[in-house]
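Report on the following structure.
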Amino acid sequence: MPDLAPVWLSIQLALVTTVILLALATPLAWWLANTRSALKPVIEAVTALPLVLPPTVLGFYLLLMLNPEAPIGAFWVTMTGESLTFSFSGLVVASLVYSLPFAVQPLQGAFEAVGRGAMEAAASLRARPLDAFFTVAVPLSARGFLTAGVLTFAHTIGEFGVILMVGGNIPGRTRVLSIAVFEHVETLRYQEAHILSAGLLIFSFVTLLSVYALNRRYRIRVG
């Protein structure tokens, strides 16, 4: 039976990343869905970069940015006394960057589908912009939030390259599920690798099945 500590650590990392990323991605996606700024294509390209960059490349630059000698890493050491690299906090920062498009793009699509008509109708009823956002845009974008949350969680669970570059393989601190599978294969412990890999495969399938089923059900109910 393989050590299940990496599984629990992966779940913790995915939960923290999903909660923080939904909070950060919501205003960004709303701005992208409604702005006519010339900067929009630039911001969209930056947001989508993790989709096309090799994870090791992204992890390498994050490692340079987060190490204690760099400004961000040094600031973190000053504030907390700990290094961002090779720590759980560093994994969270790396996961926020790596999973960013999986949160922003579903939300942006959902906000664009809401359109200006619903918000203008709320404004005509003297609803403040923030009230209209939470009482009109958010409920109408429920499918986008659901998809963004599930995809972000599932994508974070399966991270490997970025995690290995930024966090390494420290038991109890940075050894997540994907790293544990890699280590089992390297040491020829295929049975343990198979158990963890099969669990991740089943989890990924059930996650996607749930997303499609819930999206279909929600669409039927509100249609």
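Scope of the values below: all heavy atoms of this structure, side chains included, with no hydrogens, waters or symmetry mates.
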Subject >> pair Thr174-Ile163: side-chain heavy atoms closer than 4.5 Å >> reply: no
Subject >> Where Ala25 and Ala103 come nearest, the two heavy atoms and their spacing >> reply: CB-CB, 3.8 Å
**OP:** Please confirm whether the backbone N or O of Ala121 pairs with a side-chain atom of Ser124, one donor and one acceptor, at under 3.5 Å?
**Re:** yes
Original post:
With respect to Leu58, which candidate in Leu63, Leu49, Val166, Val97 satisfies the side chain to side chain contact (heavy atoms under 4.5 Å, CB included) definition?
Top reply: Val97
Original post:
Is it true that the side chains of Glu159 and Ser95 contain a donor and an acceptor less than 3.5 Å apart?
Top reply: yes
Original post:
Do side-chain atoms of Ser87 reach the backbone of Leu84 as a donor and acceptor pair under 3.5 angstrom?
Top reply: yes
Original post:
Would you say the side-chain atoms of Ser99 and Thr156 include a donor-acceptor pair closer than 3.5 Å?
Top reply: yes
Original post:
Just by distance, with hydrogens left out, do Ser83 and Thr85 show a side-chain donor and acceptor under 3.5 Å apart?
Top reply: yes
Original post:
Should the pair Tyr98 and His155 be assigned to parallel (<30°), tilted (30 to 60°) or perpendicular (>60°) ring geometry?
Top reply: tilted
Original post:
Hey, does Leu9 have a side-chain heavy atom less than 4.5 Å from the side chain of Leu177?
Top reply: no
Original post:
Are Trp31 and Ile43 side-chain neighbours, meaning at least one heavy-atom pair lies under 4.5 Å?
Top reply: yes
Original post:
To which residues is Met79 joined in a hydrophobic cluster, defined by side-chain heavy-atom contacts under 4.5 Å among Ile, Leu, Val, Met, Phe, Trp and Tyr, whether direct or through other members?
Top reply: Phe75
Subject >> Side-chain heavy atoms of Tyr61 within contact of Val57, under 4.5 Å >> reply: yes
**OP:** Report yes if some heavy atom in the side chain of Val114 is under 4.5 Å from a heavy atom in the side chain of Ser141; otherwise report no.
**Re:** yes
Original post:
Who passes ring-ring contact (aromatic ring centres under 6.0 Å, His included) against Trp76, sequence neighbours left out?
Top reply: none
**OP:** Please tell me if the side chains of Val181 and Leu200 come closer than 4.5 Å, counting only heavy atoms from C-beta onward.
**Re:** no
**OP:** Provide the closest heavy-atom pair for Arg173 versus Leu91 in the form atom of the first, atom of the second, distance.
**Re:** O-CD1, 4.1 Å
